[in-house]
There are 2 protein chains.
Amino acid sequence: MKKREQRPLLDELDRRIVGLLAADPELTNKALARRLGLAESTCAYRVRALRERGVVEGTTLRLDLAALGHPLQALIKVRLERHNAEHVNRLYASLVKTPGVIQVFHVAGADDFYLHVAVADAEALRDFVLLHVTVHRVVRQTETHLIFERREGVGVLPAPDPATD
Amino acid sequence: MKKREQRPLLDELDRRIVGLLAADPELTNKALARRLGLAESTCAYRVRALRERGVVEGTTLRLDLAALGHPLQALIKVRLERHNAEHVNRLYASLVKTPGVIQVFHVAGADDFYLHVAVADAEALRDFVLLHVTVHRVVRQTETHLIFERREGVGVLPAPDPATD
DNA sequence: CTTGAAATTGAAGCAGG
DNA sequence: CCTGCTTCAATTTCAAG
């Protein structure tokens, strides 16, 4: 089956918009337009189009997990017993809905999932694994790695040139 | 010695604000105020306070990495040769600035880092590992896991009750 | 800590190039 | 696909409870 691209590419202007918004998602449309030398209406039009095309999917609130009572983060590797779609999907759906789960990676290879979780303390971490992960009979084994720190990378976009005003 | 907390806790109102904003970071202050039954100025005041206290750290733009030309994601486990602070910190700083890196986890145990990266194709992935990871002499070995899919979890907050209007 | 009303600023809609 | 103009909506500020 041929992969159908709804739009071949982003043009240069789109890239600049995405770059600037990625660097500061809270930029007002007005400020963005000015930096790009566009009319505000044009800028708003392009941004809306980027959202409609799904290039910009939305925004996420970055929270201080420690301040919210979950200072302990961990990466939990989950290996399954069986790998049929039914089991995998049910577990997947269950995990993403479990409180404390920040993100779930479904990966290729012998290990099936990596869970990024945030919990209150060591006891909560133990309970998380026992009550929400290994409780699923399809889970063969888990391996928990304490996270010292997590940093965001630069992502896939080149840094936009700094504003001149 | 008594542990000094900079602020004891979030009150109930703070929690509701954070919950609603986490569910939809693009809520206008006006809509947020209305849902909470607050005056707009009060609501804006509380939100600003949450940001100043660092509870709300900011927002992140969610992008379609595939649409940006990086459809392939991977989780790369990095194990170091030596673990002194100097080496670890230099590598850490280098990794987060490498194009294609979405996030870096610094973890406890024998494996030191997990890199979440997004690249254009298999060749770019190989080049990434060779040119940006194993090029550092302190890196002993890496293990690359292809990511089938990544989902966001519910996080640490209970789902706010749906709007009634 | 909260409020309403005033003043400022930003967003959206639209007809035309 | 881009623009300026108009109209409308949201945010900020502030003196006061």
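The analysis underlying the following values was restricted to heavy atoms, covering all of them including side chains, and did not include hydrogens, waters or symmetry mates. Quick caveat, the model's predicted, so the values are computed rather than measured.
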Visitor: For Arg46(B), is there any backbone N or O sitting under 3.5 Å from a side-chain donor or acceptor partner on Asp14(B)?
Guide: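 Side chain of Asp14(B) to backbone of Arg46(B), a donor-acceptor pair under 3.5 Å: no, none is there.
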
Visitor: What is the distance, to the nearest angstrom, from the CZ atom on Arg48(B) to the C1' atom on dA10(D)?
Guide: 15 Å

Visitor: Under 4.0 Å between a side-chain N or O of Tyr45(A) and OP1 or OP2 of dC2(D)?
Guide: no

Visitor: Looking only at side-chain atoms of Ala39(A), point me to the closest of dC2(D), dT3(D), dA11(C).
Guide: dT3(D)

Visitor: Could you tell me how far apart Leu36(A) (CG) and dC1(D) (P) are, to the nearest whole angstrom?
Guide: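 Between P of dC1(D) and CG of Leu36(A): 17 Å.
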
Visitor: Between atom CG in Asn29(B) and atom C1' in dA10(D), what is the gap in whole Å?
Guide: 8 Å

Visitor: Can you measure Leu38(B) atom CG to dT11(D) atom C1' for me and round it to whole angstrom units?
Guide: 16 Å

Visitor: Base, sugar-phosphate, or nothing: which does Ala44(A) touch, judged by heavy atoms less than 4.0 Å apart?
Guide: nothing

Visitor: Rounded to whole Å, how long is the line connecting atom CG of Leu27(A) with atom P of dG10(C)?
Guide: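 Rounded to the whole Å, the gap is 12 Å.
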
Visitor: Please determine whether a side-chain nitrogen or oxygen atom of Thr42(B) lies at a distance below 4.0 Å from atom OP1 or OP2 of dC1(C).
Guide: no

Visitor: If we count only N and O atoms by modelled type, under 3.5 Å, do the side chains of His116(B) and Gln103(B) hold a donor and an acceptor together?
Guide: yes

Visitor: Taking CG from Leu32(B) and P from dA9(D), how many angstroms apart are they, rounded to a whole number?
Guide: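 Rounding to the nearest Å, CG of Leu32(B) and P of dA9(D) are 19 Å apart.
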
Visitor: Between Arg79(A) and Glu81(A), is the salt bridge (charged side-chain N to carboxylate O under 4.0 Å, His left out) condition met? List the steps.
Guide: CA-CA 7 Å; Arg79(A) 182 174 296 203; Glu81(A) 191 79 49; over 6 Å; no

Visitor: Reckon Ser41(B) has a side-chain N or O less than 4.0 Å from the OP1 or OP2 of dG4(C)?
Guide: no

Visitor: Measure CZ/Arg46(A) against P/dA12(C) and give the value in whole Å, please.
Guide: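 To the nearest whole Å, that distance equals 17 Å.
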
Visitor: What do the steps show when you test Glu26(B) against Arg51(A) for salt bridge (charged side-chain N to carboxylate O under 4.0 Å, His left out), and what is the final call?
Guide: CA-CA 13 Å; Glu26(B) 302 186 13; Arg51(A) 284 177 177 267; 3.1 Å; yes

Visitor: Between dT9(C) atom C1' and Glu40(B) atom CD, what is the distance in whole Å?
Guide: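 Answer to the nearest Å: 14 Å.
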
